[in-house]
There are 2 protein chains.
Amino acid sequence: MAEGLVDDAPLPHGPRPGRPTVTSRSELEQRALELFAVRGFEATTVDDIAAAAGIGRRTFFRYFASKNDAVWGDFEQGLSDLRARLATAAPGQPLLDALREAVLAFNRFDPAEVPWHRDRMALILRVPALQAHSALRYAAWRDVVAEFAARRLGEPADALLPQLVGHSCLGAAMTAYEQWLAHPDADLQQLLDRALRALDGSWAGVRG
Amino acid sequence: MAEGLVDDAPLPHGPRPGRPTVTSRSELEQRALELFAVRGFEATTVDDIAAAAGIGRRTFFRYFASKNDAVWGDFEQGLSDLRARLATAAPGQPLLDALREAVLAFNRFDPAEVPWHRDRMALILRVPALQAHSALRYAAWRDVVAEFAARRLGEPADALLPQLVGHSCLGAAMTAYEQWLAHPDADLQQLLDRALRALDGSWAGVRG
DNA sequence: GTAGCCAACGGCACCCGGTGCCGTTACCGT
DNA sequence: ACGGTAACGGCACCGGGTGCCGTTGGCTAC
């Protein structure tokens, strides 16, 4: 759930005073994902990851606040992109259309990245510790959506409707991801599109 | 989010062979909530709780799988009740009406319990560690709702619509709780009712 | 009353994630 | 060569969580 290429270092890292970094956030993330895929998340210790990356355990925690965080690449960046994209949506565009477009973009990846993005999402959606941790990320994501909806509706972001929009969109996206994991041949963008379009008439379809 | 009075012991505890229990799940929960309210969740260690309850730390973990779990009383029981109530809903009753009724019942408490239920929910919704942990509970709750919706709609529980219903209902309930915490004078049942009714026309209200 | 069954208790040692502290290392500009 | 600077990484420590195992104490049977 983070798009495109991101910075390859914990800090800008130009000609800068001080000792240079030994590795990068994204490289560390890669090593971690590899180990998780092989041994499983719980069975992989932070020491394992650090050793595999050739750094000290203490240093690992300078790149990631927690073992959980290694799974989510640069999520903050993704959130900023999402926020920016929503901010520049045409004012006349229907709310749900703008959201759908933004969410699809948020989940668009280079084909080369897809396989390990799948691994990543499988971890997030299946490993209890990560399911739990991810709630914090989801909350931040929902907030971005809720704030956008709130602006459009002229209500505070913590009002009923904006919050419901946030929950619904997240639910749609999560459902799409579940299906994507269950059917490896399916197209994520299509699944997301379908799920988000279903929101429009969801309760109409249910009312029967 | 668990209703009425529940068993006061970890196991049935009639005339039973073996050493009798020294305390009970619910009493332990009480002591824990008291400490959390005073010192805060993070600042309270399991040793603190165990000491306050006059038991050993090891024993605490025989009553609760984790420190987090002490906050959620007997949630499984609540889930069973919710499931049972939904199962006995009149087949002719509209889906959303049945859900609203069940959710209101699920969140109905003895007035005497309300104050510490408020404390409990404040912890769950505000303490990051509990926000995260609660995702697992929420998922189980959503599943109950999704399964009910699935039965009604004649679809599998992991299909799009049932999942969306689950997410939306949970979102409505969480939003109601947020408002309840923000406005201590408000009536939780009314807030829940309002939020769940809003689901019906939610996207209609948004489409403008 | 005494023997023995049985489950709860709780100490102990251990693992692992996470943090504060601090000395070390390595690149930089002067 | 030197001093500034920032990443590194060891160390000690904390707290949650677990496996193991001996202890406790109420119960039933004899």
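This one's a predicted model, so the numbers in the text were calculated from it and none came from an experiment. Reminder, nothing fancy here: chain letters follow the sequence lines and each chain counts from 1. Hydrogens, waters and symmetry mates play no part in the numbers below; they use all other heavy atoms, side chains included.
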Check your understanding: Does CZ in B:Arg83 sit with more than 12 non-hydrogen atoms of other residues, nucleotides or ligands closer than 6.0 Å?
Key -> yes
Review point. With the threshold set at 4.0 Å, does a side-chain nitrogen-carboxylate oxygen contact exist between B:Arg126 and B:Glu178?
Key: yes
Point to revise | Annotated protein contacts, base or backbone, on nucleotides 11-17 of chain D with a non-hydrogen cut-off under 4.0 Å, one of B, S, - each | key: B---SBB
Review point. In this structure, are over 12 heavy atoms from other groups packed under 6.0 Å from B:Arg118 atom CZ?
Key: yes
Point to revise | 4.5 Å side-chain heavy-atom contact, A:Ser168 and B:Leu164 | key: no
Practice item. Evaluate the ring planes of A:Phe64 and A:Phe60, with Trp represented by its six-membered ring, and classify them as parallel (under 30°), tilted (30 to 60°) or perpendicular (over 60°). Key: tilted
Practice item. Could you label the plane-to-plane angle of the B:Trp180 and B:His117 rings as parallel, tilted or perpendicular, counting under 30° as parallel and over 60° as perpendicular? Key: tilted
Point to revise | B/S/- contact track for nucleotides 24-30 of chain C, protein heavy atom under 4.0 Å | key: -BBB---
Review point. Under the salt bridge (Lys or Arg N to Asp or Glu O under 4.0 Å) test, which residues partner B:Asp158, sequence neighbours left out?
Key: none
Exercise for review: For the helix from C:dG1-D:dC30 to C:dT30-D:dA1, measure the angle between the helix axis at one end and the axis at the other, each built from five pairs, rounding to 10°.
Suggested key: 10°
Check your understanding: Between atom CZ in B:Phe64 and atom P in D:dT18, what is the gap in whole Å?
Key -> 14 Å
Exercise for review: State, without any angle test, whether B:Asp193 and B:Gln189 hold a side-chain donor-acceptor pair at a distance under 3.5 Å.
Suggested key: no
Exercise for review: Considering just the side-chain nitrogens and oxygens of B:Tyr63, establish if one lies under 4.0 Å of OP1 or OP2 belonging to C:dA8.
Suggested key: no
Review point. Can any side-chain N or O of A:Gln163 pair as donor or acceptor with the backbone N or O of A:Ala157 at less than 3.5 Å?
Key: yes
Practice item. Check whether any side-chain heavy atom of B:Leu86 lies under 4.5 Å from a side-chain heavy atom of B:Leu82, and answer yes or no. Key: yes
Check your understanding: What salt bridge (Lys or Arg N to Asp or Glu O under 4.0 Å) pairs are there with at least one residue in residues 135-150 of chain A, not counting sequence neighbours?
Key -> A:Asp69-A:Arg137
Point to revise | Residues B:Glu29 and B:Arg120 bridged, charged N to O under 4.0 Å | key: yes
Exercise for review: Return the value, rounded to whole Å, for the distance between atom CD1 of B:Ile55 and atom P of D:dG25.
Suggested key: 16 Å
Exercise for review: For DNA chain D, determine which residues of residues 124-136 of chain B have any heavy atom closer than 4.0 angstrom to one of its atoms, and list them numerically.
Suggested key: none
Review point. Within the distance-only criterion (no hydrogens, no angle test), does the side chain of A:Tyr138 pair as donor or acceptor with the backbone N or O of B:Ala135 below 3.5 angstrom?
Key: no
